[in-house]
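Here is the structure we will look at.
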Amino acid sequence: MTTPLPIALVQTSARHHAADDVDAFARDARRVRAAHPAVRLLAYPELHLCGHRPSEDPECVMTEAAQPLDGPRGARLAALARELDVWLIPGTVYERGADGRVYNTAPVYSPAGELVAAYRKIFPWRPHETTAAGADFVVFELPGHGRVGLTICYDAWFPEVTRHLAWQGADLVLNLVRTPTADRAQEVVLARANAIVNQVFMASLNAAAPDGVGRSLVVDPEGRVRAESGPGTEEVLTDVVDLAEARRVRARGTAGLTRVWDPFEDGAPPLELPLYAGRIEPGRWRRGAGVGGEAARGVIE
């Protein structure tokens, strides 16, 4: 038995990497929390705390803003999550990895003020984005609610990413976005498509102008849009999602018909995948069918 999860997705423009902007972020998070006292998961867009002004060189901002996840910024965000008593996803940040490289990373802080997961963007938007690419699919557990997987912006264009998260048991996939361009129209379609083919909730959270064109949305596991914000303007998109619905759709089928996690007959041969120089093993596919799935993972260096 799970408890429905109240979420607040803050479609807003980016802040900058100066220390006082973390203070301003904290004030905004407190405002949203006060306006929505039932919220349990509070999220912001991609690079929300690491924006750059038009006069600034993005590469310089990236270098200056990068910190280890356990650095001063991370400590303040953890304390804020504890103060607000929410699962806090403060957008993504520039992370200075132990290898010295800079990653575009989404950290997750629990209501206890602990860093419980961190996802590094696997598909930076080349050649425009120069952060190092991540290599791990990240799902974390929300006790009493279900499992949440993380993606960042361009990751949504690669079906392998959302499929792996669903295979790991994600009931909700949160895609943090910073899209100011016309292809947001396609991303809205992709949010629905990824929800349908993986039978998961999708929440696609874009930035507001001037950093993004808005149009954030929440989609249910059968592809229906539950909530959607307007274009461009700052807005808090709220919903209450019962993540058990994803498990019901997987077990009973989309529209009571289609069960994408059960396509193979007993004893079916492997399906070769030339693109990946690998293959699908039917038994392995079934074990990852979301109801059980693999153990949830929060990858933290």
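Arg215 has no carboxylate O lying under 4.0 Å from a charged side-chain N of Glu187, or vice versa, which leaves the two without a salt bridge. We find that Arg250 and Asp262 are not joined by a salt bridge, their nearest charged nitrogen and carboxylate oxygen being 4.0 Å or further apart. Salt bridge Glu160/Arg163: absent, no basic N to carboxylate O contact under 4.0 Å. Salt-bridge check for Arg178 with Asp211: passed, with a basic side-chain N closer than 4.0 Å to an acidic carboxylate O. Arg247 has a carboxylate O that lies under 4.0 Å from a charged side-chain N of Asp171, or vice versa, which qualifies the two as a salt bridge.
Under a 4.5 Å side-chain heavy-atom criterion applied to ILVMFWY residues, the cluster that includes Val240 comprises that residue alone. Other cluster members for Val177: none, since no ILVMFWY side-chain heavy atom sits under 4.5 Å from it.
Proximity of Arg96 to Val102: side-chain heavy atoms (C-beta onward) are separated by under 4.5 Å at one or more points. Using a 4.5 Å heavy-atom cutoff, the side chains of Thr181 and Val213 are not in contact. At least one side-chain heavy atom of Glu46 sits under 4.5 Å from a side-chain heavy atom of Asn104. Between Phe137 and Ile122, some side-chain heavy-atom pair lies under the 4.5 Å cut-off. Contact annotation: the side chain of Glu129 never approaches that of Cys153 to less than 4.5 Å [non-hydrogen atoms, C-beta and beyond]. Using a 4.5 Å heavy-atom cutoff, the side chains of Ile280 and Leu273 are in contact. A 4.5 Å side-chain heavy-atom check between Tyr109 and Arg82 finds every atom pair outside the cut-off. Between Asp155 and Trp157 there is no side-chain heavy-atom pair separated by less than 4.5 Å.
Panel note: side chain His36, backbone Thr238; no donor-acceptor pair is recorded below 3.5 Å. In terms of modelled atom types and a separation under 3.5 Å, the side chain of Asp57 and the main chain of Glu59 share a donor-acceptor contact. Checked by atom type and distance alone, the side chain of Ser110 pairs as donor or acceptor with a backbone atom of Ala112 at under 3.5 Å. With Arg73 contributing its side chain and Ala65 its backbone, the two residues share a donor-acceptor pair below 3.5 Å. Formation of a donor-acceptor pair under 3.5 Å by the Gln199 side chain with backbone atoms of Thr258 is found in this model. No side-chain donor-acceptor contact under 3.5 Å links Asp239 to the backbone of Val241. Formation of a donor-acceptor pair under 3.5 Å by the Arg30 side chain with backbone atoms of Ala34 is not found in this model. For Arg33 (side chain) and Pro37 (main-chain N/O), a donor-acceptor pair under 3.5 Å exists by modelled atom type. Side-chain atoms of Asp99 come within 3.5 Å of backbone N or O of Arg101 as a donor-acceptor pair. The closest donor-acceptor contact from the side chain of Gln11 to the backbone of Ser216 lies under 3.5 Å.
Put simply, CG on Leu205 and CG on Leu237 are 8.0 Å apart, with the number rounded to the nearest 0.5 Å. A distance of 9.5 Å separates CG of Leu217 from CG of Asn175, quoted to the nearest 0.5 Å. Interatomic distance, CD1 of Ile196 versus CG of Asp220, reported as 9.0 Å (0.5 Å rounding). Here the straight-line distance linking atom OH of Tyr103 with atom CD1 of Ile152 works out to 13.0 Å at 0.5 Å rounding. Annotation: the span from Thr92 atom OG1 to Leu49 atom CG amounts to 9.0 Å, rounded to 0.5 Å. Separation of atoms CE (Met62) and SG (Cys50) is listed at 11.0 Å; rounding is to 0.5 Å.
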Query raised in the report: Taking it one step at a time, do Tyr119 and Thr105 satisfy side chain to side chain contact (heavy atoms under 4.5 Å, CB included)?
Result: CA-CA 5 Å; Tyr119 167 69; Thr105 301; 5.9 Å; no
Requested in this report: Starting from the C-alpha separation in whole Å, work towards a yes-or-no answer on side chain to side chain contact (heavy atoms under 4.5 Å, CB included) for Val39 and Val32.
Outcome: CA-CA 9 Å; Val39 72; Val32 175; 5.8 Å; no
Requested in this report: Could you please spell out the steps behind the side chain to side chain contact (heavy atoms under 4.5 Å, CB included) verdict for Glu141 and Val116?
Outcome: CA-CA 9 Å; Glu141 192 85 32; Val116 295; over 6 Å; no
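Residues forming a side-chain contact (heavy atoms from CB on, under 4.5 Å) with Arg248 (at least two apart in sequence, or on another chain): Glu222, Glu245, Arg252.
Around NE2 of His145, the count of heavy atoms belonging to other residues, nucleotides or ligands within 6.0 Å exceeds 12.
Pairing each heavy atom of Arg192 with each of Arg224, the nearest pair is NH2-CA, 4.4 Å. The minimum heavy-atom distance linking Leu69 with Ala118 is given by the pair CD1-CB, 3.5 Å. When all heavy atoms are compared, the tightest approach of Val61 to Tyr94 is O-CD1, 4.5 Å. The minimum heavy-atom distance between Leu42 and Val86, with the atom names listed, is CB-CG2, 4.3 Å.
Using cut-offs of 30° and 60° on the angle between ring planes, the pair Trp125 and His128 is tilted.
For Tyr44 and Phe25, the ring centers are positioned less than 6.0 Å apart. Between Phe158 and Phe123, the distance from one ring center to the other falls under 6.0 angstrom.
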